[in-house]
2 protein chains.
Amino acid sequence: MLKISDFAQLSRVSPKALRLYDRMGLLKPIKVDSQSNYRYYSATQLPRLNRILVFKELGFSLEEIGCLLNENISLAEIRGMLRLKQSEIQQRLLDDQSRLIRVEMRLQELEQEKSMSNYEVILKPIKSQLVAATLGIIPNFDDCGPILESLFDQVYTYAFGNGLKEVGCGINIYHETTLRDKDIPVEAVVPIPHKIPTSDRIWIYKLPEVETVACVVHHGSFASLGNAYCTLLEWVGKHGYQISGSTREVYLQYERNGDPSQYVTEVQIPVEKAA
Amino acid sequence: MLKISDFAQLSRVSPKALRLYDRMGLLKPIKVDSQSNYRYYSATQLPRLNRILVFKELGFSLEEIGCLLNENISLAEIRGMLRLKQSEIQQRLLDDQSRLIRVEMRLQELEQEKSMSNYEVILKPIKSQLVAATLGIIPNFDDCGPILESLFDQVYTYAFGNGLKEVGCGINIYHETTLRDKDIPVEAVVPIPHKIPTSDRIWIYKLPEVETVACVVHHGSFASLGNAYCTLLEWVGKHGYQISGSTREVYLQYERNGDPSQYVTEVQIPVEKAA
DNA sequence: TCAACACTTTGCCCTAAGGGGAGAGTCAAG
DNA sequence: CTTGACTCTCCCCTTAGGGCAAAGTGTTGA
């Protein structure tokens with residue numbers, strides 16, 4: 001018959017924790033004085049408490065331990081819970097390994113560049129979306145503005161002309177992955193909420209989903225968009241990915257003849273883990 | 001000017017999280033309508049939000065991210081926080097690796113033995129304690145009871161005779177680590193709360209602390225204490241430890257001529273990581 | 001036998017990062 | 001004008017207890 005603090009000292013578990021285990025049914029005192037509600041424990045309860053502690057160290061929650069200590073639990077169930085916990089821990093290990101590598105890469109960058117990059121590369125999935133699209137060719141990058149505007153004009157005009165009120169923001173898709181600085185084919189697409197007829201210049205289709213794109217958000221004039229590409233391409237290589245699809249530019253904020261410093265563009269490159 | 005759910009969709013961060021980031025000062029909307037309290041965001045805030053997300057994936061708490069995003073933080077401080085996080089992750093990795101191994105060992109045991117062991121081995125430190133002690137020799141294990149009782153009688157009698165009211169429970173220390181089944185020297189010690197004089201048979205000293213003991217709690221007659229030793233020794237070997245000191249038996253619950261099924265004994269073996 | 005002190009009880013609030021929901025106010029379209 | 005979709009704030013919930021407060025209990029010294 002030990003008082004709670006004696007038992008706590010014996011087991012090196014705080015009285016608070018012992019009360020919690022009592023309330024959760026993991027370890028009931030051998031006796032509770034009905035008048036004072038004092039809890040009384042016995043040294044014979046140490047094996048059970050130690051079992052609780054061991055399972056806790058193995059990463060089980062108190063609720064799970066409640067199941068594990070239940071008298072009528074089969075060995076198969078125990079095995080199942082252990083295997084489940086095993087895969088949980090393995091997953092956390094993998095996550096932490098990747099996290100660790102990314103932290104270390106940031107430290108390296110910091111040492112080399114003496115400043116933090118302006119861009120954060122993030123990975124995300126892109127959902128399939130219905131779009132209206134047209135094709136064009138950019139003779140050279142220095143003068144792509146008017147051509148792109150004209151392409152999007154065509155798509156927007158067509159979409160509004162077919163009764164649409166609200167459309168998504170413009171997206172450029174560069175289907176050519178080889179580097180070329182002249183006569184670049186480009187597809188100008190605009191997400192639309194529902195189907196409209198196709199024309200000879202504008203076609204409607206469902207842009208397939210992309211499992212993973214690496215992307216950066218560029219804030220400012222298109223003139224400095226090259227930095228975004230540099231960051232993105234370097235990141236893809238360094239982190240063990242490879243390009244697996246057509247690059248897109250999403251014009252999240254853009255106004256014709258507006259202030260270029262207010263433009264916001266997201267550059268997306270579909271990627272997959274390099275073999 | 002995007003409403004919260006538009007911005008949420010754009011960034012794939014829930015409105016709930018955006019409100020939290022607002023409240024924590026991580027990402028304030030560009031405008032809050034003073035009458036309706038509606039939050040309005042701009043696509044220009046995506047880079048900052050992405051930075052938040054990246055740091056979150058690296059394992060930083062929102063509070064830490066608040067520091068990291070603070071304008072007037074030096075590169076040295078950022079480096080410091082990264083290094084701190086790095087060591088945190090490394091520690092968690094090590095913990096999880098050891099956890100994983102222990103879970104796998106339990107699974108193996110389960111496969112082999114078709115039942116769960118009765119003992120849980122736990123590691124703990126033992127604090128230094130003041131004790132009264134005497135030495136004896138056990139001719140053979142089969143008949144150790146009376147001799148041990150006599151040894152403890154001497155110590156208890158001496159302690160009470162010197163005015164002590166409360167003493168700890170008896171501990172046997174087997175200083176001999178070599179296996180011997182006859183004439184085993186044993187030290188019977190009893191923790192005492194403060195100094196008393198030494199005699200020729202009973203001496204008082206401070207039992208040094210032990211950094212780590214592996215221990216099991218045995219519940220029942222001493223006759224089956226061998227099982228506890230088996231479990232413990234097997235565990236020590238399997239888990240990559242080696243014995244680094246004298247084994248102890250702590251008689252947590254014992255009553256002369258009492259019911260042996262109520263005895264509780266803790267067997268402790270000092271261990272250290274094997275090289 | 002009483003006062004003092006150590007101990008125990010329950011209950012409440014706190015943690016991190018939101019999720020879920022209620023009740024009330026707001027916005028845009030028909 | 002109404003309706004439905006959004007948004008706001010506020011409250012409770014999650015883990016495994018820690019900290020504290022008020023009230024009750026046990027032991028000990030005088």
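In what follows, every chain begins at residue 1, and chains take the letters A, B, ... in the order their sequences are listed. All values below were derived from every heavy atom in this structure, side-chain atoms included, with hydrogens, water molecules and symmetry-related copies excluded.
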May I have the distance from [X] (atom [atom1]) to [N] (atom [atom2]), rounded to whole angstrom?
| X | N | atom1 | atom2 | value |
| --- | --- | --- | --- | --- |
| B:Leu18 | D:dC6 | CG | C1' | 15 Å |
| A:Phe7 | C:dT9 | CZ | P | 13 Å |
| A:Glu64 | D:dA16 | CD | P | 8 Å |
| B:Met1 | D:dT7 | CE | P | 14 Å |
| B:Arg23 | C:dG19 | CZ | P | 13 Å |
| B:Arg12 | C:dG18 | CZ | C1' | 18 Å |
| A:Tyr41 | C:dC7 | OH | C1' | 15 Å |
| B:Glu166 | D:dG26 | CD | P | 17 Å |

Original post:
Under a cut-off of 3.5 Å for both distances of each Watson-Crick or G-U pair, what dot-bracket string does DNA chain C give, using [ ] for crossing pairs and | for inter-strand pairs?
Top reply: ||||||||||||||||||||||||||||||
Of all the nucleotides listed ([options]), which has the minimum atom distance to the side chain of [X]?
| X | options | value |
| --- | --- | --- |
| A:Lys16 | C:dT9, C:dG18, D:dG18 | D:dG18 |
| A:Ser61 | C:dT8, D:dA16, C:dG18 | D:dA16 |
| B:Leu20 | C:dG18, D:dT9, D:dG17 | C:dG18 |

Original post:
How about A:Gln90: does its CD atom have over 12 heavy atoms from other parts shown lying under 6.0 Å from it?
Top reply: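 Counting neighbours around CD of A:Gln90, more than 12 heavy atoms of other residues, nucleotides or ligands fall under 6.0 Å, so yes.
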Subject >> Atom CD of A:Glu211 with >12 non-hydrogen neighbours under 6.0 angstrom >> reply: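 For A:Glu211, atom CD is not crowded (no more than 12 foreign heavy atoms under 6.0 Å).
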Using a cut-off of less than 4.0 Å, is there contact between a side-chain N or O of [X] and OP1 or OP2 of [N]?
| X | N | result |
| --- | --- | --- |
| A:Ser14 | D:dG17 | no |
| B:Arg39 | D:dT9 | yes |
| A:Tyr40 | C:dT8 | no |
| B:Arg19 | D:dC8 | yes |

Original post:
Taking for each residue the nucleotide of DNA chain C with the nearest heavy atom, is it B:Tyr38 or B:Glu63 whose nucleotide lies nearer the 5' end?
Top reply: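 Looking at the nearest nucleotide for each, B:Glu63 comes out on the 5' side.
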Subject >> Position toward the 5' end of DNA chain C (nearest nucleotide), B:Phe60 or B:Asp33 >> reply: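 This one resolves to B:Phe60.
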Subject >> A:Lys273 to A:Tyr241 six-membered ring, cation-pi geometry met (6.0 Å, 45°) >> reply: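 The answer is yes, since A:Lys273 meets both limits relative to A:Tyr241.
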**OP:** Could you tell me whether B:Arg92 and B:Asp95 have a side-chain N and a carboxylate O separated by less than 4.0 Å?
**Re:**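 Not counted as a salt bridge, because no side-chain N and carboxylate O are separated by less than 4.0 Å.
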**OP:** Describe, in one word, how the ring planes of A:Phe55 and A:Phe60 are oriented to each other, choosing from parallel (under 30°), tilted (30 to 60°) and perpendicular (over 60°).
**Re:**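 Ring orientation, 0 to 90° scale: perpendicular.
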**OP:** Over 60° means perpendicular and under 30° means parallel, so classify the ring planes of B:Phe7 and B:Tyr41, tilted if in between.
**Re:**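 The rings of B:Tyr41 and B:Phe7 lie parallel, inter-plane angle below 30°.
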Subject >> Most 5' of B:Asn37 and A:Ser36 on DNA chain D, judged by nearest nucleotide >> reply: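 Nearest nucleotide further toward 5': that of B:Asn37.
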Subject >> Test item: side-chain donor near acceptor, A:Arg83 and A:Ser87, under 3.5 Å >> reply: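 No - no donor-acceptor pair under 3.5 Å links their side chains.
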Subject >> Check: B:Tyr158 main-chain N/O paired with B:Asn162 side-chain donor or acceptor under 3.5 Å >> reply: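 Pair found, side chain donor or acceptor close to backbone of B:Tyr158.
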